[in-house]
Amino acid sequence: MTDINEAKVQLIMELRRQGISDLSVLNATERVPRELFVPDRLRKHAYDNRALPIPLGQSISQPYVVAYMTQALKLNDRHKVLEIGTGSGYQAAILAKLCRRVYTIERHIDLLREAAKRFKLLDLHTIVIRHGDGSEGWIEHAPFDRILVTAAATNLPLNLAEQLGEGGIMLVPVGPEGGAQSIVRVSRAKDRFTTTEMLSVRFVPLVGPPKSEFS
Ligand code: SAH
């Protein structure tokens, strides 16, 4: 077995030990080549269970956190999912294996271009990309069955939860930059939203809409 395959098998076993029990999530983790989403010099660490730096001061999340959030979304192949913060495209690729369509928004055009190349290379044609500020969601394609925010919001973004359909679930890391953040799950039933705090995490910040220079 090659080193990379061996490392991948080890990672899958570690994820199982850490409580990832959904076989479809473990399967998707096995099928998406994380080595293509990290910078070349870090390829040998692609299957380490940790976040890795990607260009522009951003990061590709830890495989455990990706698997945890994906599992918590309880996806099926009819779901339409919004992701905010495409980054490397890794999380979007995992989602694409498990749902009908992924809409993903990234504010850094260079990251988005690289991610788009990877989607093409991997034949992931159900991912729709957009360059821009995701903190407002993607109203033209709402409602979504699931929303996944992969950058930390300072406060719970209720405007995004409004773009959930009936029975929808949103996961969003909430907390200050570099401080104590946790993933919050927002579930929508009719017009009632229920929030539950889940895992402690550390994400790069969700950047809000550009502020006017003079305000
Ligand atoms: N999901 C990514 C990791 C995301 S890192 C992956 O699998 O690799 C968080 C990303 O969110 C960064 O790329 C950052 O540029 C982006 N981001 C932060 N604020 C944003 C905003 N308001 N709109 C769109 N993207 C944003």
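As the structure lists them, so they are numbered: ligands from 1, and atoms in each ligand from 1.
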**OP:** Look at the side chain of Thr150 and the backbone N and O of Ile84, then say whether any donor-acceptor pair between them is shorter than 3.5 Å.
**Re:**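 It does hold such a pair.
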Original post:
Side chain of Gln181, backbone of Phe203: donor and acceptor closer than 3.5 Å?
Top reply: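 Yes, because the side chain of Gln181 sits within donor-acceptor range (under 3.5 Å) of the backbone of Phe203.
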Original post:
So do the side chains of Val201 and Met69 get within less than 4.5 Å of each other, counting heavy atoms only?
Top reply: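 Val201 does not reach Met69 side chain to side chain.
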Original post:
Considering only heavy atoms from C-beta outward, does the side chain of Ile54 approach that of Glu114 to under 4.5 Å?
Top reply: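 Answer no - side chains too far apart.
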Original post:
When you check the gap from the basic side-chain N to the acidic O, do Asp191 and Arg188 get nearer than 4.0 Å?
Top reply: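 Yes, Asp191 and Arg188 are salt-bridged.
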Could you go through ligand 1 and list every pair where one of its N or O atoms sits under 3.5 Å from a protein N or O, giving the atom names and the distance to one decimal?
unit_1   : atom_1 : unit_2 : atom_2 : d
ligand 1 : 1 (N)  : Glu83  : OE2    : 3.0
ligand 1 : 1 (N)  : Gly85  : O      : 2.9
ligand 1 : 1 (N)  : Thr150 : OG1    : 3.1
ligand 1 : 7 (O)  : Gln91  : N      : 3.0
ligand 1 : 8 (O)  : Ser88  : N      : 3.0
ligand 1 : 8 (O)  : Ser88  : OG     : 2.6
ligand 1 : 13 (O) : Glu106 : OE1    : 2.7
ligand 1 : 13 (O) : Glu106 : OE2    : 3.3
ligand 1 : 15 (O) : Glu106 : OE2    : 2.6
ligand 1 : 19 (N) : Val207 : N      : 2.9
ligand 1 : 22 (N) : Asp133 : OD1    : 2.8
ligand 1 : 22 (N) : Val207 : O      : 2.5
ligand 1 : 23 (N) : Gly134 : N      : 2.7
ligand 1 : 25 (N) : Arg107 : N      : 3.3

Subject >> Inter-residue atom distance Asn5.CG - Tyr47.OH, 0.5 Å rounding >> reply: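 Reported to 0.5 Å precision, the distance equals 8.0 Å.
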